[in-house]
Amino acid sequence: MTFEYLVVFAPLLGFLISFLFGKKIGPRGAQIVTCGMMFVACFSAISLFFSVILGGSQYVVPLAEWISSDFFTANWALRFDTLSVVMMCVITIVSTCVHVYSVGYMSHDPHRARFMSYLSLFTFAMLMLVSADNLLQLFFGWEGVGLASYLLIGFWNSKDSANSAAMKAFIVNRVGDFGLALGIMACFVVFGSISFETIFAGVESKQDLTVNFLGFDVHALTLIGLLLFTGAVGKSAQLGLHTWLPDAMEGPTPVSALIHAATMVTAGVFLVARFSPLYEYAPIALMVITVMGACTALVAATIGLTQFDIKRVIAYSTMSQLGYMFFALGVSAYGAAIFHLMTHAFFKALLFLGAGSVIHAMSDEQDMRKMGGIWKKIPFTYAMMWIGSLALAGVPFFAGYYSKDMIIEVAYADQSWFGDLAFVFGILAAVLTAFYSWRLILMTFHGKPRADKHVMDHVHESPFVMTAPLVVLAIGAIFSGAVFYNGFVGGHHDAHHGAAAIHAEVTPHAGDAHHDGAMDEADAHHEMAADMHHEDTAHDDEHHDVFEAMKDRNLFWQNSIQVLPENDTVDAAHSVPFWVKKLPILMSALGIALAYIFYLVTPSLPGLFSQAFKPVHSLFFRKWYFDELYDYIFVKNTFRLGRWFTWSDRRIIDRFGPDGFANASNFVAKMASVFQSGYIYQYAFVMLIGLVAAMLWFAPLDLGAIWDGLMNFGKEAAE
Amino acid sequence: MFDLPVLSLMTFLPLVGVLFIISVRSTKEDVSARNAKNTALFTSLFTAALGLYLALQFDPAEAGYQFVERMDWFPSLGISYYMGVDGISLFFVLLSAFLVPICILASWHSIKTRVKEFMIAFLILESLMIGTFCALDIFLFYVFFEAVLIPMFIIIGVWGGARRVYSAYKFFLYTLLGSVLMLVAMLVLYVQVGSSEIPVLMENPVVRDLQIWLWLAVFASFAVKMPMWPVHTWLPDAHVEAPTAGSVILAGVLLKMGGYGFLRFSLPMFPEASELFAPMVFWLSVVAIIYTSLVALVQEDIKKLIAYSSVAHMGYVTLGIFTATTQGIEGGIFQMISHGLISGALFLSVGVIYDRLHTREIARYGGIVKNMPKYATVFMILMLGSVGLPGTSGFVGEFLTLVGIYQVDTLVTLFAATGLIVGAPYMLYLYRRVVFGKQVNDDAAKMPDLNFREISLFVPLVIMVIYFGFFPGYILDRVNPSVDRLITIYEAGLQKGQMREAALMEAAAVKPAAGGAVSVETQNVDTVPAFAPYDPNEFTGNGDLPMPIINYNE
């Protein structure tokens, strides 16, 4: 039972100790504490993998009450089902690697204790996010990782560019969070609850419900789906809200590996996968997700082609890969998306840490134009970058091969226009991915050295604390695809299992009295589900073989991901035509070959090409002008409006409000004081006027008659 | 349990402290200053201890008023000294009692002239603030509510900055104008209902048309206090010129009187008018949230920036209150408490660097994280609270109000929720310019970090900000019964109004049948415009009115 607490709270403890007592225990102490806590968390996560996924028991551990206002309740709880445990394993493994790596990478930084504590804070928030049992705790984790990201991007806080990047990340993410927050409220209004159990249980009965939003009657589930997706767009840097991710590379490289490649940016993918029961009934939302993902995959890849900053190339690659995950989600292949999420976490963290190793070796140089010819000097890093790139490009038997091909196949198998679009874009992006990956390798390691001699003399392999994590990640990048293929996306569709997967509930493991209280609701639903599917009751008995779950995705995912049988593209993907299965590999080979031609065989070609296709090249190079556009539309105008409103406070509200009032009373007082002249004749005159006025007022005078009389008098005089 | 008159003790104990300060005379300036400071601190700490006792003795399940005290005041008029707290007012009383000692400690060194008088003013202020939140008689409330102005006016006007006189007068006039209208409204209420007790007035709402006028009159007063857009312009000036402690109390407690007033008066006493004007309040709130957030972004003066952010945060409060949903109102109350802690602490932290460098200009700082790491941490936590990050108290209130408003109007929600976006940049930008970046100013780079006294000011506030972020239950549980009761009263009031209207319609419909002709009165009743001024003569001649309307001209 303690593993459940340890996996989440060990990092928190590490954070608190190293943050509050960082001075007392010193940097070395902080490193030991945080890394030690991460090892504990990692071990706990792996043991949970065995008990929850292989043991087939999913449950919720209630912690405490959080917010409770009438029907609106949100409690602290930890949910352990396949989806969250997979995420926990990925997070803790990568995070542990990054923690250890950081000990070496940040060894010269005076604030390394603080750095370690922030890394642990991030890990805690991320674990809270994935283990959430309701939307609000998810939001807590969501914002928490955003905060950690902000703190870590701006870690070198005397650098202006780092500060700007940190602010940008926070604010752009807030735009997404705005959508997510609205989505949470919409969920509350539609389902009367923000707890996952209640929402998922109510989806089927609400599938035709329409609600009023901004005066329009819209399909409730689609609305919720799109609002939640807005949050995902921000966090996962999808097109439109992606501009913060490349800038986030201002942070130290371990941060980029952990937060901006392996874990935080995949939170959006997790969110959509978590809401698979809802998205299954919101086809329009899925369509939007597919199109968005496909466009992001392609656009990011085109930008990645042209960048020179080694970290930015990988950042755009991350964005592109996230696009892949999203279009997989969009065609209901949630398992495939999470599969790619996992393999990507390994190989992309490997690439980033490898890049960090290169940067470390090159005395903090990030521009690939100033690298080259160093592969013999840092052969280990070189090999690691190769492994990462091979996995990224989807070369057979590396991890990416299994997950990425799967995604491209499910897009094809979806048999819809947006599935086809995603397929085509995915194939194109695959070429580009392979191309820029080898462009990176060739520019960085091969060719003639372009750095100055002083730097070149200092090129050295990283110390053991930095290389050991790379080995762990490399193992993941090589083997995680093959090992987990069957569990994540394998096994044939079986109506029996499929139905079981959809309708079985997260229930406390038999004999585990601990969670009974919190699970009443789920129990009730379980009974309902059981009533509907009597034939599934024998299902649990099939768990005898512990590794059964590794062979069949229905057993593996249990019910944490739910797909309607007619949407099951993963199943259809197993029977796509031969050419669809082989095309991605061919494309990757093509990309690699092109990169060799461009950057090793005839190094003059890139220059010629960028000259020949100048408009296209500058479009890619300037990142499709998103930053310029946003700066022009939003940033400038926001400040302009702010200044204008400040002006209006003074010149309109104050002027006609209090100051105007004061001036007016001053004026009246001055006018009144004129009457206080002290001259008797003036007083007498005023008195006289007053008397006349009073008489006019009270006397029943017919003014009309007087007027007529005057007019007639005039006429008479004229006559 | 209720034997001890806790509320009266809390209200008048500070005045006893004042007596002590006045009675101890000393020819030496520093001695009398020290005496005054110590007396004020101990008095306020004792009051805070009483507050603690109040919190512990408070029965969380009880929706009605607790610790009730009643004594004849003007027996011939039926006006009494009537005190009591319920879940709604409890936390405002506590907030006042806890912030004052902090303020006094914060002024320990920064107030150098007329220390004795400052302490006297502050203690009087405390007494009046607590009284305002405890009073259950409208005239008693009015006396406290209005009298608060005087010490605050003096604090700004005497110990303030360069433009203190302008700001003090602006503050005074703005609030006084609204107050005068409120007094009129109270008199009308008193005459109409025949009682000045708040609970009685809540149970007996006046007719709709009169409600509209009274609501507007009361609104004028509370909206200024809140402050709502566009009557907010006194706040930045007052904050900028006020001494640190003044700003803390202003942001921490005085603004909450507006929200408290809405909860005690507008919503329960004028339910129909509240329902009618709710959309107006929503849109004013939305404008406040967006407008002032943008204004805050371009400020060059730290205090002004935080002052504007207060207006934005209060926008959520008004938004939540007038949704008349449990989440909205509880969110509004929580937001007020949380804002009291956060913005109070933010003003304190501005005070810290102001004491060192004597400037509020953002550009004069920069990179102070290097020499003031503890300060940077505290300021960071407060900034995040202000931004409304989950895990701080700022989030709970903001989110609950949004949940409340979502159930009422999604369009308003859409705009109000942009506060999540526009609420972040100005604080981040402020933090970046003051705390992060290069150390460009030598004197700013030499500022010493927080000393023990300053840390002890911040620690309780920061702990509460985080604690209530994770466990808001302590507040929400105690607020909940009273809010439920408030909503019941509100809905009963609406229902009464509907019945009254139905009866009127019926009466009007019966008439032509009896008279044989379509009378003018029927049309009047049918097409009574929403904003029709109350005309007591309108119904004269209708002998069969369902409800007697007391003509206040008689």
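A note on names: the letters A, B, ... follow the listed sequences, proteins ahead of strands, and every chain is numbered from 1. These numbers were taken from a predicted model, which means no experiment stands behind them. All values below come from the heavy atoms of this structure, side chains included, with hydrogens, waters and symmetry mates left out.
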Colleague: For A/Asp649, is it the side chain, the backbone, both or neither that has a heavy atom under 4.5 Å from a heavy atom of chain B?
Modeller: both

Colleague: Working to the nearest 0.5 angstrom, can you tell me the gap between A/Arg174 CZ and B/Thr418 OG1?
Modeller: 12.0 Å

Colleague: By a 4.5 Å heavy-atom criterion (distance strictly below it), what part of A/Val175 contacts chain B: side chain, backbone, both, or neither?
Modeller: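 Both parts, backbone and side chain.
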
Colleague: How far apart are the closest heavy atoms of B/Gly469 and A/Trp66, and which atoms are they?
Modeller: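 The answer is O-NE1, 2.8 Å.
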
Colleague: Does a side-chain heavy-atom distance below 4.5 Å link B/Phe436 with A/Trp156?
Modeller: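 A side-chain contact under 4.5 Å is absent here.
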
Colleague: Using side-chain heavy atoms (C-beta onward) and a distance below 4.5 Å, is B/Leu428 in contact with A/Phe170?
Modeller: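 In short, these two side chains touch, coming nearer than 4.5 Å.
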
Colleague: Taking A/Gly146, A/Ala166, A/Ala186 one by one, which has the highest count of heavy-atom pairs under 4.5 Å against chain B?
Modeller: A/Ala186

Colleague: Side chains of B/Lys370 and A/Ser158: closer than 4.5 Å at any heavy-atom pair?
Modeller: yes

Colleague: For B/Lys438, is it the side chain, the backbone, both, or neither that has a heavy atom closer than 4.5 Å to a heavy atom of chain A?
Modeller: both

Colleague: Between B/Pro390, B/Pro230, B/Pro373, who has the most heavy-atom pairs with chain A when the cutoff is under 4.5 Å?
Modeller: B/Pro390

Colleague: Atom CG in B/Leu420, atom CG in A/Asn173: separation rounded to 0.5 Å?
Modeller: 12.5 Å

Colleague: Side chain, backbone, both or neither: which part of B/Trp234 has a non-hydrogen atom closer than 4.5 Å to chain A?
Modeller: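 Looking at B/Trp234, nothing touches chain A.
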
Colleague: Closest heavy-atom contact between A/Leu182 and B/Ala417?
Modeller: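 Answer, listing the atom of A/Leu182 first, then B/Ala417: CD2-CB, 4.1 Å.
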
Colleague: In terms of heavy-atom proximity below 4.5 Å to chain B, should A/Ala74 be classed as side chain, backbone, both, or neither?
Modeller: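 When you check distances to chain B, no heavy atom of A/Ala74 falls under 4.5 Å.
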
Colleague: What part of B/Phe395 is in contact with chain A, defined as an atom under 4.5 angstrom from a non-hydrogen atom: side chain, backbone, both or neither?
Modeller: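 It is the side chain, since no backbone atom gets that close.
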
Colleague: Does some side-chain heavy atom of A/Phe19 sit less than 4.5 Å from a side-chain heavy atom of B/Thr377?
Modeller: yes

Colleague: Side chain from CB out, backbone as N, CA, C, O: work out which of these in B/Gln439 comes under 4.5 Å of a heavy atom of chain A, or both, or neither.
Modeller: neither

Colleague: Which distance, rounded to the nearest 0.5 Å, do you find between the CE of A/Met185 and the CD1 of B/Ile405?
Modeller: 10.5 Å

Colleague: Taking side chain as C-beta onward, heavy atoms only, is B/Asp477 less than 4.5 Å from A/Glu65?
Modeller: yes

Colleague: Side chain, backbone, both or neither: which part of A/Ile652 has a non-hydrogen atom closer than 4.5 Å to chain B?
Modeller: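 For A/Ile652, no heavy atom lies under 4.5 Å from chain B.
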
Colleague: Using heavy-atom distances under 4.5 Å, tell me whether A/Trp647 contacts chain B through its side chain, its backbone, both, or neither.
Modeller: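 For A/Trp647, there is no contact with chain B at all, as no heavy atom is under 4.5 Å.
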
Colleague: Where do B/Leu414 and A/Phe213 come nearest, in terms of heavy atoms and distance?
Modeller: CD1-CZ, 4.5 Å

Colleague: Quick one: are A/Asp70 and B/Glu330 in side-chain contact, heavy atoms under 4.5 Å?
Modeller: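 No, too far: nothing below the 4.5 Å cut-off.
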
Colleague: Under a 3.5 Å distance rule, please check whether B/Thr410 uses its side chain to pair with a backbone N or O of A/Leu214 as donor and acceptor.
Modeller: yes

Colleague: Give the member of B/Leu411, B/Val295, B/Asp484 that has the highest number of heavy-atom pairs under 4.5 Å with chain A.
Modeller: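 Looking at each option in turn, the highest pair count goes to B/Val295.
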
Colleague: Which residue out of B/Tyr166, B/Trp229, B/Phe471, B/Tyr291 racks up the most heavy-atom pairs below 4.5 Å with chain A?
Modeller: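 Of B/Tyr166, B/Trp229, B/Phe471, B/Tyr291, B/Tyr291 has the most heavy-atom pairs under 4.5 Å with chain A.
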
Colleague: Chain A: which of B/Val403, B/Asn480, B/Thr413 shares the most heavy-atom pairs with it under 4.5 Å?
Modeller: B/Val403

Colleague: When the ring centroid of B/Phe470 is compared with that of A/Phe140, is the distance short of 6.0 Å?
Modeller: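 Here the rings of A/Phe140 and B/Phe470 have centres that are less than 6.0 Å from each other.
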
Colleague: So for A/Thr646, is it side chain, backbone, both, or neither that comes closer than 4.5 Å to the heavy atoms of chain B?
Modeller: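 Both parts, backbone and side chain.
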
Colleague: Against chain A, label B/Phe334 side chain, backbone, both or neither, depending on which of its atoms sit under 4.5 Å from a heavy atom there.
Modeller: neither

Colleague: What are the two closest heavy atoms between B/Leu400 and A/Ser69, and how far apart are they?
Modeller: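 B/Leu400 and A/Ser69 have their closest heavy atoms at CD2-CB, 3.9 Å.
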
Colleague: Given heavy-atom pairs under 4.5 angstrom as the criterion, report whether the side chain, backbone, both or neither of B/Tyr174 touches chain A.
Modeller: side chain

Colleague: Is chain A contacted by the side chain of B/Leu389, its backbone, both, or neither, given a heavy-atom distance below 4.5 Å?
Modeller: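 For B/Leu389, heavy atoms of backbone and side chain both lie under 4.5 Å from chain A.
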
Colleague: What distance do A/Leu151 atom CG and B/Leu384 atom CG have between them, rounded to the nearest 0.5 Å?
Modeller: 7.0 Å

Colleague: Hey, does A/Phe645 have a side-chain heavy atom less than 4.5 Å from the side chain of B/Val298?
Modeller: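 No, every pair of side-chain atoms sits at 4.5 Å or beyond.
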
Colleague: Which atoms of A/Arg650 come close to chain B, meaning under 4.5 Å heavy atom to heavy atom: side chain ones, backbone ones, both, or neither?
Modeller: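 It is the side chain, since no backbone atom gets that close.
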
Colleague: Answer yes or no: does atom CZ of A/Phe661 have more than 12 heavy-atom neighbours from other residues, nucleotides or ligands under 6.0 Å?
Modeller: no

Colleague: Quick check on B/Tyr169 against chain A: is it the side chain, the backbone, both or neither that has a heavy atom closer than 4.5 Å?
Modeller: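 Nothing of B/Tyr169, per the 4.5 Å heavy-atom cut-off to chain A.
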
Colleague: So what's closer than 4.5 Å to chain A heavy atoms on B/Val387: side chain, backbone, both or neither?
Modeller: both

Colleague: Is it the backbone or the side chain of B/Lys304 that comes under 4.5 Å from a heavy atom of chain A, or both, or neither?
Modeller: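 For B/Lys304, the contact with chain A is made by the side chain alone.
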
Colleague: Within a reach of under 6.0 Å around CZ of A/Phe71, are more than 12 heavy atoms found that belong to other residues, nucleotides or ligands?
Modeller: no

Colleague: With only heavy atoms counted, which part of B/Val369 is less than 4.5 Å from chain A, the side chain, the backbone, both or neither?
Modeller: side chain

Colleague: Please round to the nearest 0.5 Å and tell me the distance separating atom CG of B/Leu294 and atom CG of A/Leu641.
Modeller: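 Those atoms lie 6.0 Å apart.
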
Colleague: Pair A/Asn157, B/Tyr431 - check side-chain hydrogen bond (donor to acceptor under 3.5 Å, both in side chains), show working.
Modeller: CA-CA 11 Å; A/Asn157 54 40; B/Tyr431 196 84; over 6 Å; no

Colleague: Distance from A/Ile67 atom CD1 to B/Gln327 atom CD, nearest 0.5 Å?
Modeller: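 Atom-to-atom, A/Ile67:CD1 and B/Gln327:CD are 10.5 Å apart.
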
Colleague: Mind listing the closest non-hydrogen atom pair of A/Asn163 and B/Gly437 along with its distance?
Modeller: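 That closest heavy-atom pairing would be ND2-N, 3.5 Å.
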
Colleague: Answer yes or no: is there a side-chain heavy-atom contact under 4.5 Å between A/Phe72 and B/Phe399?
Modeller: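 In contact.
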
Colleague: Can you tell me which portion of A/Asp659 sits under 4.5 Å from chain B's heavy atoms? Options are side chain, backbone, both or neither.
Modeller: side chain

